[in-house]
Amino acid sequence: MRRLMRAGLGTEARAQTPPGVSVGGQLHAYGGGDFAVAADTQWVVGDDSKVYRIQAGSEPVLVVAADDGFQYGDLHHAANVLLAVRGTDAGDEIVEIAEDGCDVRVLVSSSGFLAAPRLRDRALAYLEWDADRMPWDSSRLRVIDSLPGRPGAGRVVAGADQEAVVQPLWGPDGLLYFMSDRTGWWNLYRWTGGSVEPVAPMEADCAPAPWEGGYQSYTFTSSGEVLLTVHDGIRTELVSVNRNGALIRRATNLTSMKPYVAALGEQAFIIGSTPTSRPSVRAVDLSEPRQPALPITGDSKGEGTAGPPASPPAVRTVRTDRSSVRYLLHVPDGGLPAPLIVRAHPGPTDDVPLRLDWSVQFFVSRGFAVAEVAYRGSTGQGRAFRQSLHGHWGEYDVEDCAAVAYHLLESGDTLPKAVFITGASAGGYTALHAACRTDPFTAATATSAIIDPARWEKAVPRFQRPHAAILAGPAGEIRAEAVRRPVLLIHGTADEIAAADDAQRLAEGLEALGRPYETLFLDSVGHYLSAPAALEQALLAELGFYERLMRREP
C-alpha cells in the first residue's frame with residue numbers, strides 16, 4: 001500500500017489518500033508522476049492505473065472511465081487544468097481531464113512516447129521520443145503556443161538524434177527551463193522564446209536517466225535562485241545558482257538525493273540520505289549557506305539506529321586499458337583483508353549511490369568487504385560513459401567488475417579464493433557472464449537475472465524494447481556449458497520482467513553437465529523481491545552459499 005502524505009516543518013506526516021487507494025501507476029512500465037496537488041484537492045493514479053480525485057472528508061472519485069484501457073501517469077495541474085499522459089501499446093496521448101471526470105480531451109497524440117506535459121497560460125511544453133529510442137538517448141522538447149495540439153504539434157525547442165532533453169519546467173520568469181545533454185552532460189538550460197542559453201554549465205550530470213515520470217531535479221526559490229542536484233555517479237550534491245551564475249553548496253550533510261526537489265519560500269525540500277541514514281524527506285534553510293538538511297518531522301529518520309556503519313565507504317578508482325572505473329568499498333569491522341563481494345548494480349543505466357543500503361550492511365556486518373562498481377553504462381558520468389555499453393553488454397560491465405576484483409587482490413585487500421560477484425536483474429546477467437570466466441571470481445549469485453537478452457527483448461514492455469536492442473552484443477545468452485564457476489540462481493516464480501523459466505532451464509543445463517550450482521525459487525514473488533520475507537530468504541541463501549564455498553577451500 002502506497003499513500004500520498006502531507007507534512008510540514010515540525011508536524012507529523014499524515015495520509016491524504018484513504019486506505020482503499022494505493023498510489024502508483026504503470027505508465028511506460030515504471031510509472032511516475034502519480035499525483036498532482038491543488039489547494040484543497042489531490043489527484044492520484046492508483047495501482048489500477050486509474051485517476052482519482054480526493055478531497056478532505058469525501059470518498060475518492062474516479063475521474064476517468066474504469067475500462068478505458070489506458071495506463072495513466074505524469075499528472076500535472078496548472079491554471080485550473082489537470083493534464084496527464086496516457087498510453088497503450090499503440091502509442092501515447094497527452095490529455096486534459098475535466099475535474100468532474102465527464103470529459104477527457106486529447107491534446108497531443110503520438111505513435112512513439114510522450115512525457116512531462118507542462119502548462120503555462122495556454123502554452124504547452126512536452127517531451128516526445130520515437131518508438132525505437134530511449135528518452136535518455138534521443139528526445140525532443142516541443143512547445144505548442146495555444147491548445148489543443150495535434151500529432152507532432154508545436155515547434156522543437158531542443159533535442160535531436162544525439163541529444164536527450166528531460167525535465168521541462170516553466171520558470172517564474174516565464175521562460176522554459178530544461179535539462180539537455182547536448183555538451184555530453186545533463187545541464188540546465190532555458191529557452192527565451194527565440195534562443196536557448198545555458199544556466200549552469202558544468203562537466204557533471206544534473207539529472208538521472210528518466211526511467212519514471214515526474215522527476216524534477218531542480219526548482220526555483222523566492223529569491224530568484226535555481227536549486228539543482230549535481231551528480232558524479234556516486235555522490236549527489238544540492239547547489240543553488242544565483243543570477244550571476246555563482247554556485248553555492250547546500251545540504252552539505254547529505255551524499256545521496258532522489259530526483260525530486262521542491263522549494264517554498266526560502267525552504268528547500270528533498271529526499272536525501274547518507275552512508276549512515278536511510279532516505280527521508282528533509283528541509284534546508286536557504287537563508288544561510290551550508291545549512292544542513294534536517295528531517296521535516298523533527299526526528300532522525302533512522303540515523304543512529306543499531307546497525308549502520310561507523311564510517312562511510314571509501315570511493316576508489318581503478319584504471320584499465322579501456323576505462324576508468326569508480327567503486328564504493330565497504331570495509332567490515334575486522335578490517336582488510338576480507339572475503340569480497342563485488343556488486344554489479346541492476347542498471348545498466350543505474351548508479352552507485354553513496355547511501356545506507358541494508359542489504360550491503362547485511363554482508364559487511366558478517367565480515368565481508370563489498371565493492372559496488374559504477375561500471376561502463378552507469379549514469380552520472382556523462383553521455384559517452386552512459387552509452388559506452390551499447391553493443392557490449394556482458395563484456396565491458398564484466399571487465400570493469402573484474403578489474404575492481406583484480407585491483408583488490410593485488411593490493412592485498414581481499415582474500416584469494418573468496419572473491420564473489422553478485423547482481424540482480426541486468427546485474428545478474430553481468431554476474432553470470434563473470435561466472436563464465438575462470439578468474440578472478442570464485443562464484444556468482446544472480447538474482448532475478450536476465451539470462452537470454454534476445455528472449456528478454458521480446459518480453460519487455462514497449463518502453464524498454466529499444467534499450468534491450470541497443471545493449472545486446474556478442475556476449476548473448478548465458479549457456480550452461482560456458483559457466484565455469486559455481487552459481488546461485490535466486491528467482492521469483494511470478495517475475496514478469498525476467499522469466500523464471502529461463503533460470504530453471506539454466507539450472508537444468510548445469511545439472512545435466514554436473515556443474516556446481518544452487519537455486520532458490522520463491523513462490524509468487526516478482527522481479528524485485530520487495531517483500532521482507534522474500535528478501536530475507538534471498539540474503540540468507542546468498543550468505544550460506546558463500547560460507548559453504550569458503551569452508552571447502554583449503
Strictly under 6.0 Å, is that where the ring centroids of Trp393 and His467 end up?
no
Of the non-hydrogen atoms in Asp130 and Phe113, which two are nearest, and what is the gap between them?
O-CD1, 4.0 Å
Salt bridge present between Asp161 and Arg133 (N-O < 4.0 angstrom):
yes
Examine Trp186 together with Trp136 and report whether their ring centres are nearer than 6.0 Å.
no
Tell me whether the NZ or CZ atom of Arg376 lies within the 45° cone about the ring axis of Tyr396 and under 6.0 Å from its centre.
yes
Strictly under 6.0 Å, is that where the ring centroids of Tyr177 and Phe220 end up?
yes
Among side-chain atoms of Ser139 and Glu128, is any donor-acceptor pair under 3.5 angstrom?
no
Consider only side-chain N and O atoms of Arg355 and Thr276, and report whether a donor and an acceptor are under 3.5 Å apart.
no
Establish, yes or no, whether a centroid distance under 6.0 Å links the rings of Phe368 and His330.
no
Donor-acceptor pair between Asp232 and Gln381 side chains, under 3.5 angstrom
no
Pairwise distance CZ(Arg366) to CD1(Ile341) - rounded to 0.5 angstrom:
10.5 Å
Under a 3.5 Å cutoff, is there a donor and acceptor pairing between the side chains of Asp495 and His527?
yes
Donor-acceptor pair between His407 and Asp413 side chains, under 3.5 angstrom:
no
Of the options Arg86, Gln71, His28, which is the one that meets Asp92 in a side-chain hydrogen bond (donor to acceptor under 3.5 Å, both in side chains)?
His28
Which atom pair, heavy atoms only, marks the closest approach of Thr445 to Ala431?
O-CB, 3.6 Å
Decide whether Arg250 and Thr252 meet the rule of one side-chain donor and one side-chain acceptor closer than 3.5 Å.
no
Is the NZ or CZ atom of Arg326 both under 6.0 Å from the centre of the six-membered ring of Tyr375 and within 45° of that ring's axis?
no
Give a yes-or-no answer on whether the side chains of Asp351 and His345 include a donor-acceptor pair shorter than 3.5 Å.
no
With no hydrogens and no angle check, just 3.5 Å: does a side-chain donor-acceptor pair link Arg343 and Thr422?
no
We want to know whether Glu163 and Ser138 form a side-chain donor-acceptor pair, criterion being a heavy-atom distance below 3.5 angstrom.
no
Will you find, in the side chains of Asp400 and Ser323, an N or O donor that is under 3.5 Å from an N or O acceptor?
yes
Please output the side-chain donor-acceptor pairs of residues 32-46 that fall under 3.5 Å, not counting sequence neighbours, one pair per line with the distance.
{"residue": "Asp34", "atom": "OD1", "partner": "Gly25", "partner atom": "N", "Å": "3.3"}
{"residue": "Thr41", "atom": "OG1", "partner": "Gln55", "partner atom": "NE2", "Å": "3.1"}

When Asp74, Leu127, Leu141, Leu83 are each screened for side chain to side chain contact (heavy atoms under 4.5 Å, CB included) with Arg118, the one that passes is Asp74
Between Ser49 and Gln26, is there a side-chain donor-acceptor contact under 3.5 Å, judged purely by atom types and distance?
yes
Is there a side chain to side chain donor-acceptor pair (under 3.5 Å) between Thr192 and Arg190? Walk through the geometry before answering.
CA-CA 6 Å; Thr192 64; Arg190 60 181 164 232; over 6 Å; no
Check Val284, Ile248, Leu286, Val239 against Leu227 for a side chain to side chain contact (heavy atoms under 4.5 Å, CB included) and give me the one that passes.
Leu286
Show your reasoning for whether side chain to side chain donor-acceptor pair (under 3.5 Å) applies to Glu266 and Ser222.
CA-CA 6 Å; Glu266 288 304 299; Ser222 59; 2.7 Å; yes
